[in-house]
Amino acid sequence: MFAARPGRDRMVPALFRFLPTILVALATLALGAPAALAAPLPGGFWGDAYGMVASDMTGPLAKQLHKPAYQPIPCGGSNGVMLQKRQDLYAAGPDGSVAAVDSLVSTLLTRKTDLTAEMHTTATLTGIDLLGGLITADGIRAEAHASGDAGLVGGNGDGSSFTNLRIAGQPIDSGVAPGTVYALPGIGSVAVGTTTVTQKGTTSAEVRVDMLSIAVDTANEFGLPVGARLLVGHAQAAFDRSIRAKTLGGAAWVGSATGELLEGPGFQPVSCNGTRGVTRTVDVADFALATMRVASARTTVYSTTSGTSATVRTSSTLDAGSLLDGRISFDQIAVVAEDVFNGSTHVRSTPGLGFQGLKVLGAAIKKPAPNLKLALPGLGYVVVNERRTPAATAGGKFKLNGLRVVIDSANGLGLAVGTEIIVAHADAGTQP
């Protein structure tokens with residue numbers, strides 16, 4: 001037996017405790033330091049899928065036709081999870097005369113690694129009967145695919161198809177060229193299988209598929225206004241290297257009313273990924289909705305991001321308008337919502353906001369203070385220059401309404417008690 005040495009019992013366990021660290025250090029010296037973990041491939045996605053949508057129209061029918069089985073993209077994508085929305089026995093118009101579909105299913109998937117990025121969206125409809133049998137099909141499927149790697153981006157609409165499609169009684173070959181246009185007696189025309197691929201070098205690729213694009217140019221029995229468009233079977237997928245890890249939001253629109261479609265003429269949203277430094281503009285003429293009449297209007301949306309900041313700005317400008325049978329009138333209303341976020345605080349402002357020639361019950365309103373509330377005897381009240389502003393250190397959207405009318409009394413204008421009418425809206429929000 002060896003005699004114990006002072007401290008020997010403590011030293012040996014210590015050597016064993018640090019042995020793994022010593023071995024790793026020796027291996028590092030012999031082989032070199034391990035490579036750093038690869039960063040995710042830069043960039044992000046945008047796109048969506050839905051059964052159908054009507055544009056350039058408002059009212060209850062437009063609301064029925066607005067994106068059944070809508071599957072939007074969440075901020076940041078789906079992270080490899082297949083997202084799905086489904087709607088069965090869908091009908092729009094009296095007794096489904098405008099659209100009757102047995103089932104609508106929309107899916108969306110995004111996946112990204114340090115080497116590749118991919119996005120896939122689909123919209124599948126079965127048992128389709130449109131416009132009182134003018135268009136029928138056993139099945140319609142839209143597919144959009146976008147992808148990228150360290151060097152290239154691309155996309156396609158492979159997999160999009162029709163099954164037993166008939167237009168005005170004519171069978172349509174399943175191999176028909178995308179974008180082929182057919183006449184629709186009493187309605188206008190329809191383009192089939194429209195597929196658009198937009199690619200910007202090696203920076204971004206966007207694919208949009210609209211399996212039926214119905215253009216209305218004739219007064220008809222279905223309540224579709226001349227100039228309206230109905231898209232059926234929509235899928236969109238895109239990848240863009242310039243998209244940063246910021247969450248943006250906002251919207252601008254000309255007007256809205258309770259029970260009417262918000263996404264009417266002039267409506268523009270700001271998605272999570274924003275506009276990437278581009279100002280998007282929509283011009284509208286002869287806007288009419290719930291006693292509101294506007295000669296012309298313009299909405300804009302804009303956003304940009306950097307490594308440390310983000311900006312969203314939206315606006316709605318209306319010219320020569322009136323509502324409530326002339327009780328309110330104006331030469332121009334312009335509302336602007338801007339949110340600039342520096343990583344810790346928000347600076348919210350209204351550059352360009354103004355009211356020209358505004359009159360309420362014949363009285364001129366000049367430079368109205370924020371949230372000015374005026375009574376409308378026999379109807380309710382109106383809030384002028386309405387603003388909802390979150391705290392500087394809090395998230396959320398900065399919202400502005402040029403006018404917000406609330407009906408709280410029975411009246412001769414046909415407006416139900418509880419109706420709200422909004423004239424000129426803009427909102428903006430940023431988040432890290």
Side-chain angles (χ1 to χ4, degrees), residues 20 23-25 27-50 70-85 105-124 141-161 178 195-210 234-249 270-278 303-310 341 343 430-432:
L23 292 175
V24 170
T28 300
L29 290 173
L31 302 176
L37 293 176
L41 188 71
F45 307 96
W46 81 91
D48 56 14
Y50 46 80
Y70 177 46
Q71 179 57 70
I73 184 171
C75 293
S78 76
N79 298 314
V81 177
M82 177 70 77
L83 305 179
Q84 176 178 297
K85 291 290 179 61
V105 180
S106 301
T107 68
L108 183 148
L109 169 70
T110 69
R111 182 184 292 116
K112 189 163 69 165
T113 70
D114 57 325
L115 298 176
T116 62
E118 58 183 302
M119 180 174 181
H120 311 278
T121 60
T122 71
T124 304
R141 183 175 175 85
E143 293 195 22
H145 313 279
S147 61
D149 57 24
L152 300 174
V153 294
N156 58 64
D158 293 353
S160 301
S161 63
T195 302
T196 304
V197 180
T198 304
Q199 187 163 335
K200 297 180 180 179
T202 61
T203 301
S204 68
E206 177 185 5
V207 179
R208 175 172 179 147
V209 177
D210 293 302
H234 166 90
Q236 186 174 14
F239 174 70
D240 190 330
R241 299 188 197 281
S242 67
I243 292 176
R244 305 293 181 86
K246 300 284 183 183
T247 299
L248 309 177
V270 178
S271 69
C272 298
N273 300 320
T275 70
R276 297 174 296 284
V278 175
S303 69
T304 185
T305 61
S306 69
T308 58
S309 66
F341 183 58
T430 63
Q431 199 70 20

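In what follows, every heavy atom counts, from backbone to side chain, and hydrogens, waters and symmetry copies are set aside.
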Between the CZ atom in Arg276 and the OG1 atom in Thr304, the distance rounded to the nearest 0.5 Å is 11.0 Å
So salt bridge (Lys or Arg N to Asp or Glu O under 4.0 Å) across residues 142-154, not counting sequence neighbours, yields Arg141-Glu143
Interatomic distance, CG@Leu108 vs CD1@Ile73, rounded to 0.5 Å, equals 5.5 Å
To the nearest 0.5 Å, atom CZ of Arg111 lies from atom OG1 of Thr113 at 9.5 Å
> Side chains of Gln236 and Trp46: does their closest heavy-atom pair fall under 4.5 Å?
Replying inline: yes
Please state whether the rings of Phe45 and Phe239 are parallel, tilted or perpendicular, taking 30° and 60° as the class boundaries. tilted
**Report entry** Thr122 and Thr107, any side-chain heavy atoms less than 4.5 Å apart
**Finding:** yes
Minimal heavy-atom distance between Val207 and Gly157, with the atoms involved, is CG1-N, 4.1 Å
Requested in this report: Would you indicate whether the side-chain heavy atoms of Asp114 and Leu41 approach each other to under 4.5 Å?
Outcome: no
When rounded to the nearest 0.5 Å, the distance separating OG of Ser106 from CG of Asp48 is 9.0 Å
Ser78 side chain to Leu109 main-chain N or O, any donor-acceptor pair under 3.5 Å?
no
Here the pair of heavy atoms bringing Thr430 nearest to Ala310 is CG2-O, 4.0 Å
- Can you check whether Gln84 reaches Val105 side chain to side chain, under 4.5 Å on heavy atoms? yes
Has the side chain of His120 got a donor or acceptor atom that lies under 3.5 Å from a matching backbone atom of Thr110?
no
Rounded to the nearest 0.5 angstrom, the OG-NZ distance for Ser147 and Lys112 is 13.5 Å
Are Asp240 and Thr203 close enough that some pair of their side-chain heavy atoms sits under 4.5 Å apart?
yes
Nearest heavy-atom contact between Ala235 and Ala123 is CB-N, 4.5 Å
In terms of heavy-atom contacts, Ala205 and Gly155 come closest through CB-N, 4.5 Å
(message) Counting C-beta onward and ignoring hydrogens, is there a side-chain heavy-atom pair between Val153 and Gln199 closer than 4.5 Å?
(response) yes
Using a 4.5 Å cut-off on heavy atoms from C-beta on, say whether the side chain of Pro72 contacts that of Lys85. yes
**Message:** Are the side chains of His234 and Arg208 in contact, using a 4.5 Å heavy-atom criterion?
**Reply:** yes
The reported gap from NZ in Lys200 to CZ in Arg241 (rounded to nearest 0.5 angstrom) is 14.0 Å
